Asks: 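Have a look at this one before I ask anything.
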Amino acid sequence: MRIGYPCVNESLDCTTASTFRLASYSDERVEQTVRNNLACLLRILQYNVQHNLRFFRIGSNLVPFGSHPINTFPWQTHFAAEFRAIGDYIKAHDMRVSFHPDQFVVLNSPDAGIVQRSVQELVYQGSMLDLMGLDGTAKLQIHAGGLYGDRESALTRWIATYKTLPDAVKRRLVVENDDRLYSLQDCLRLFDAVGVPVLFDNFHHECLNSGEPMSMAVQLAAATWHPTHDGPLMIDYSSQALGERKGKHTNTMQEDLFRSFLEDLRGIDADIMLEIKDKEASAHRACAILTDLGRLAPVSTPAL
DNA sequence: TCCAGTCAAGGGTTC
DNA sequence: GAACCCTTGACTGGA
C-alpha cells in the first residue's frame, strides 16, 4: 500500500505548475518553464521518499501547452535525460505516479473537435510517463464525461473513442467514478466493454451510487485491475467538508472516517491518493495511521 | 509591490 | 440563452 497526494507540495518553495499565458508563448519560455517544473518535481519526489509518501499525482501543467498546436518546442527530446532521471528515481524508490487530465478531456463529446483535442492531451500526458520509462502501472485517470441527455449514447461514444486510442494511451488509461453523472456501475460497464480499469473514488461513491456498500464497491473496482499490467487498485480518498455543499472536499483528513474506510478495504492492496485540501499534511497523518496499524512499512533510510 | 481580474480547453445547473 | 459553478494555482497588468 502506498499513500499519496495530488500535484502540490505546500512544504516546499517550488511548483511544478509554473506556466504563462498563451499570448506570451515563446520557445524560450517553454524551455525555461519546463526546466524549472521538472526540477521542482524531482524535489517533491525526494521529499516524498523522505516521508514515505510513495504515490504522487503529477500536475498536468508540467509542460505548458503540452498538447496545444502552438507548442512546437521539442521538449520530448530536449528534456529526455531529465525525464529519464525522474523515472529512474521513481523506480529506484518503488514509487507510483499518475496524471489526472482535467475536465476538458471528454472522450464522449458529440463534438469531434473536442474528442480530438482530448486524445491529444492524453497522448501528451502519457508520453511523459513513457519518457520516464515507467510501465503500465503509471496511470492516466479521467472521468466518463458528459451525459448530453442520453446516458446510453454517451457511454457508447466513450467506448467507440476508447477503441481508437493509441496503445500507449490505452495501457495507462483508467476511468474514475464521479459524483454527479457516472457512478461505479457505469464505469464497470465501460470495463466490461473494453477492459478499462476503474479507479475508485470513495467520496464520489458516497455522493452517487447504486446502493453498494463501500466494502463491496471497493472489491468491484479492485477486480477490474490486472495485478501485473495495471498494478494495485488506485483509490482517490476524501470526505465531505462539514457545512459545505454536497461534494465539497474536506480541508483536512478526518481520522475516524479514514480509519473506517480502511476497514472497508478488508485487506485489498490499494494505493490511496488523498484528495484533501491540505495536501501532504493529511498524507503524513494517513501514513502514521497505517504505520501504527502495521499496514505500512516504516520509512527506510532516505536517499536524497 | 500588491491585488483583483484573468487564464486553452467542457459540461451542468440555475435563473 | 446567459450567467455562473466546478477547482485552483499562477500569471498579468494596473494601481
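What you see is a predicted model, and the numbers here were worked out from it, not measured in a lab. So you know, we letter chains A, B, ... as the sequences are listed, proteins then strands, and number each from 1.
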Asks: Classify the angle between the aromatic ring planes of Tyr5(A) and Phe56(A) as parallel (below 30°), tilted (30 to 60°) or perpendicular (above 60°).
Replies: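 Taking Phe56(A) first and then Tyr5(A), their aromatic rings stand perpendicular (interplane angle over 60°).
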Asks: Which residue pairs pass the disulfide bond (SG atoms under 2.5 Å apart) test when at least one of the two sits in residues 24-88 of chain A, sequence neighbours left out?
Replies: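 The answer is Cys14(A)-Cys40(A).
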Asks: Quick one: Glu121(A) CD to dA8(B) P, roughly how many Å, whole number?
Replies: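 My rounded result for the distance is 14 Å.
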Asks: Can you check the distance between dG10(B) and dC11(C), where both ends of the measurement are the C1' atom (answer in whole Å)?
Replies: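 Per the computed distance, 22 Å lies between those C1' atoms.
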Asks: Round to a whole Å and report the spacing from CG of Asp102(A) to C1' of dA9(B).
Replies: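 Atom CG in Asp102(A) sits about 7 Å away from atom C1' in dA9(B).
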Asks: Specify whether Trp75(A) and Phe83(A) have parallel, tilted or perpendicular ring planes, treating 30° as the upper limit for parallel and 60° as the lower limit for perpendicular.
Replies: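 Plane angle between 30° and 60°, so tilted.
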Asks: Got a sec, which residues hit side-chain hydrogen bond (donor to acceptor under 3.5 Å, both in side chains) with Ser11(A), two or more places apart in sequence or on another chain?
Replies: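 Residues passing side-chain hydrogen bond (donor to acceptor under 3.5 Å, both in side chains) with Ser11(A): Tyr47(A), Glu280(A).
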Asks: Can you hop from Leu257(A) to Val218(A) via hydrophobic side chains spaced under 4.5 Å?
Replies: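 They do share one cluster, since a chain of ILVMFWY contacts under 4.5 Å joins Leu257(A) to Val218(A).
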Asks: Report the distance from atom NE2 of His204(A) to atom P of dC6(C), rounded to the nearest whole Å.
Replies: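 Rounded to the whole Å, the gap is 14 Å.
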Asks: For nucleotides dA8(B) and dG1(C), find the distance between their C1' atoms and express it as a whole number of Å.
Replies: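 To the nearest whole Å, 24 Å.
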Asks: On a whole-Å scale, what distance lies between the P atoms belonging to dC4(C) and dG5(B)?
Replies: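 dC4(C) and dG5(B) have their P atoms separated by 13 Å.
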Asks: List DNA chain B stems (3 or more consecutive Watson-Crick/G-U pairs, under 3.5 Å)?
Replies: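 Stem list for DNA chain B: B:1-7 with C:9-15, B:10-15 with C:1-6.
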Asks: Give me the distance, rounded to whole Å, that separates dG12(B) from dG9(C) when you measure between the P atoms they each carry.
Replies: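 Result for the P pair: 25 Å, nearest Å.
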Asks: Salt bridge check: are Arg43(A) and Asp13(A) linked by an N-O gap of less than 4.0 Å?
Replies: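 Asp13(A) and Arg43(A): salt-bridged.
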Asks: Shared ILVMFWY cluster between Leu122(A) and Phe65(A), side chains joined below 4.5 angstrom?
Replies: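 Yes: a chain of side-chain contacts under 4.5 Å links Leu122(A) to Phe65(A).
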Asks: With the threshold set at 4.0 Å, does a side-chain nitrogen-carboxylate oxygen contact exist between Arg35(A) and Glu31(A)?
Replies: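 Counted as a salt bridge, because a side-chain N and a carboxylate O are separated by less than 4.0 Å.
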Asks: Scan nucleotides 10-15 of chain B nucleotide by nucleotide, 5' to 3', and note B when protein non-hydrogen atoms come under 4.0 Å of the base, S if they reach only the sugar-phosphate, - if neither.
Replies: BSS---
Asks: Once you measure the plane-to-plane angle for His284(A) and His51(A), does it fall in the parallel (<30°), tilted (30-60°) or perpendicular (>60°) bin?
Replies: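 Judged by the thresholds at 30° and 60°, the geometry between His284(A) and His51(A) is tilted.
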Asks: To the nearest Å, how far apart are Gln125(A) CD and dA9(B) P?
Replies: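 Computing the Gln125(A):CD to dA9(B):P distance gives 17 Å.
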Asks: Encode nucleotides 8-15 of chain C as B, S and - characters from 5' to 3', where the letter depends on protein heavy atoms closer than 4.0 Å: B to the base, S only to sugar-phosphate, - to neither.
Replies: --BBS---
Asks: Please say whether the positively charged group of Arg157(A), taken as NZ for Lys or CZ for Arg, lies over the ring of Tyr148(A), i.e. under 6.0 angstrom from the six-membered ring centre and within 45 degrees of the axis.
Replies: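 Judged by the rule (NZ or CZ under 6.0 Å from the ring centre, within 45° of its axis), Arg157(A) counts as positioned above Tyr148(A).
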Asks: Could you go through residues 186-207 of chain A and list every donor-acceptor pair under 3.5 Å that involves a side-chain atom there, pairing it with any protein atom two or more places apart or in another chain?
Replies:
{"residue": "Asp186(A)", "atom": "OD2", "partner": "Arg151(A)", "partner atom": "NH1", "Å": "2.9"}
{"residue": "Asp186(A)", "atom": "OD2", "partner": "Ser183(A)", "partner atom": "N", "Å": "2.9"}
{"residue": "Asp186(A)", "atom": "OD2", "partner": "Ser183(A)", "partner atom": "OG", "Å": "3.3"}
{"residue": "Arg189(A)", "atom": "NH1", "partner": "Glu152(A)", "partner atom": "OE2", "Å": "3.1"}
{"residue": "Arg189(A)", "atom": "NH2", "partner": "Glu152(A)", "partner atom": "OE1", "Å": "2.7"}
{"residue": "Asp201(A)", "atom": "OD1", "partner": "Phe203(A)", "partner atom": "N", "Å": "3.0"}
{"residue": "Asp201(A)", "atom": "OD1", "partner": "His204(A)", "partner atom": "N", "Å": "2.8"}
{"residue": "Asp201(A)", "atom": "OD2", "partner": "His204(A)", "partner atom": "ND1", "Å": "3.2"}
{"residue": "Asn202(A)", "atom": "OD1", "partner": "Ser238(A)", "partner atom": "N", "Å": "2.9"}
{"residue": "Asn202(A)", "atom": "ND2", "partner": "Ser238(A)", "partner atom": "O", "Å": "3.0"}
{"residue": "His204(A)", "atom": "ND1", "partner": "Glu176(A)", "partner atom": "OE2", "Å": "3.3"}
{"residue": "His204(A)", "atom": "ND1", "partner": "Asn177(A)", "partner atom": "O", "Å": "2.9"}
{"residue": "His205(A)", "atom": "NE2", "partner": "Glu212(A)", "partner atom": "O", "Å": "3.1"}

